[in-house]
Amino acid sequence: MIGAGKMKQYGNVLEKPLSKGRHEVSLSAFAFLFSELVQYNQTQVDNIAELERRLEDAGYAVGARVLELLCHREKGNRRETRLLGILSFVHSTVWKVLFGKVADSLEKGTEHEDEYMISEKELLVNRFISIPKDMGTFNCGAFVAGIVRGVLDSAGFPAVVTAHFVPMERSQRPRTTILIKFAEEVIKREARLG
C-alpha cells in the first residue's frame with residue numbers, strides 16, 4: 001500500500017479527530033434533499049401552519065446538533081451564557097457554517113424588549129422555492145427558524161422563533177426575517193447578570 005506508513009490508524013471511529021476543514025455540500029444536493037423534505041411533509045399535513053411546524057421541528061433537531069458540534073470545534077466545549085453573546089454566535093458562527101456567510105443583519109426589536117430579528121435578503125431555503133398561489137404565505141424559512149430555536153434552546157435560551165417575509169423596495173422577492181422572542185426567564189436572568 002502506498003502511503004500506508006504515513007497515515008495514523010484508528011482502532012475506533014470515535015477516536016478519529018473532527019476535521020476543521022471546509023466540508024461543503026453541493027447546492028444542488030442540498031436543494032434536492034430540502035425539496036424532498038418539503039414534499040414529504042406536505043403529503044402528511046392538511047394546512048400550511050402544520051407544514052411550517054413540521055419543517056420547524058426538523059430544523060430544531062439540526063440546530064441542537066449544530067450547537068454541540070460548534071461548541072466542541074470552535075469554543076473548546078464552552079457555551080455562551082449571555083444573551084448578546086448567543087445572538088452574535090447564531091448570527092455569525094452558526095450562519096457562516098450553515099450558509100457560507102454571516103447573516104445580513106441582527107437587530108433588536110423596537111416595540112418589545114424581548115424580541116430580536118435576524119434578517120437575510122435571500123435565505124438559502126427560499127432561493128429555489130416557488131410557492132403556488134393556493135399556499136399563500138408559506139415560508140420555508142420555518143426550517144431555519146427551527147434551527148435557530150434548536151440552537152437557542154440547547155444553549156439554555158428558550159424562545160419562540162418564527163420566520164416572516166418582509167417586502168423590500170425595488171425587489172420582487174421579499175427578505176426573510178427570523179423573529180426571536182425570548183422567554184421571560186431569559187430576560188430576567190440577563191437583567192440579574194447585569
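If you're wondering where the values come from, they're calculated on a predicted model, not measured in any experiment. Sequential numbering from 1 along the given sequence is applied to the chain's residues.
- In this structure, V186 and P158 approach most closely via the heavy-atom pair CG2-CD, 3.5 Å.
- Looking at every heavy atom in both residues, V151 comes nearest to G63 through CG2-O, 3.3 Å.
- Between the OG1 atom of T137 and the CD atom of E52 there is a distance of 6.0 Å, given to the nearest 0.5 Å.
- For the pair D153/F157, no side-chain contact is recorded, criterion being any heavy-atom separation below 4.5 Å from C-beta on.
- Q39 and T43 are not linked by any side-chain donor-acceptor pair at a separation below 3.5 angstrom, with hydrogens and angles left out of the test.
- Taking 4.5 Å as the limit, every side-chain heavy atom of E107 sits out of range of all side-chain heavy atoms of Y116.
- Between R54 and Q44 the shortest side-chain heavy-atom distance falls below 4.5 Å.
- How far CD of E185 is from CZ of R189: 7.0 Å, rounded to the nearest 0.5 Å.
- Under a 3.5 Å cut-off, the side chain of H91 and the backbone N or O of A103 do form a donor-acceptor pair.
- Contact annotation: the side chain of R65 never approaches that of L69 to less than 4.5 Å [non-hydrogen atoms, C-beta and beyond].
- Here the side chains of I147 and V90 are not in contact, with every heavy-atom distance at 4.5 Å or above.
- Note: D114 CG to K108 NZ = 8.0 Å, rounded to the nearest 0.5 Å.
- Contact annotation: the side chain of F32 never approaches that of L37 to less than 4.5 Å [non-hydrogen atoms, C-beta and beyond].
- Counting non-hydrogen atoms of neighbouring residues, nucleotides and ligands closer than 6.0 angstrom, the CG atom of D46 reaches no more than 12 such neighbours.
- Both L84 and L67 are part of a single hydrophobic cluster, where members link through side-chain heavy atoms under 4.5 Å apart.
- To the nearest 0.5 Å, the span separating CD1 on I180 from CZ on R149 amounts to 12.0 Å.
- Under a hydrophobic-cluster definition in which Ile, Leu, Val, Met, Phe, Trp and Tyr are linked whenever side-chain heavy atoms come within less than 4.5 Å, directly or via other members, F182 and L179 are assigned to different clusters.
- Residues W95 and V148 share a closest heavy-atom pair of CZ3-CG2, 4.0 Å.
- When hydrophobic clusters are built by joining Ile, Leu, Val, Met, Phe, Trp and Tyr residues whose side-chain heavy atoms come closer than 4.5 Å, directly or via intermediates, F99 is grouped together with F30.
- A continuous path of Ile, Leu, Val, Met, Phe, Trp and Tyr side chains, each step under 4.5 Å between heavy atoms, connects F34 with V45, placing both in one hydrophobic cluster.
- Here R53 pairs with E50 in a salt bridge; the nearest charged N to carboxylate O distance falls below 4.0 Å.
- Atom NZ of K181 has more than 12 neighbouring heavy atoms from other residues, nucleotides or ligands inside a 6.0 Å radius.
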**Asked** Going through the checks in order, is the salt bridge (charged side-chain N to carboxylate O under 4.0 Å, His left out) test met by D104 and K121?
**Response** CA-CA 7 Å; D104 291 342; K121 184 178 170 187; over 6 Å; no

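- To the nearest 0.5 Å, atoms CZ (R127) and SG (C140) are separated by 13.5 Å.
- Using a cut-off of 4.0 Å between Lys/Arg side-chain N and Asp/Glu carboxylate O, E120 and R175 are scored as not salt-bridged.
- Residues A155 and I86 come closest through the heavy atom pair CB-CD1, 3.7 Å.
- No single ILVMFWY cluster, assembled from side-chain heavy atoms under 4.5 Å apart, contains both L33 and V144.
- In this structure, I178 and A163 approach most closely via the heavy-atom pair CD1-CB, 3.9 Å.
- Counting only heavy atoms from C-beta outward, the side chains of L55 and F138 approach each other to under 4.5 Å.
- Minimum heavy-atom separation, V38 to L51: O-CD1, 4.0 Å.
- For the atom pair S88 OG and L106 CG, the distance stands at 7.5 Å (nearest 0.5 Å).
- In this structure, L70 and V94 have side chains that are in contact, with non-hydrogen atoms separated by less than 4.5 Å.
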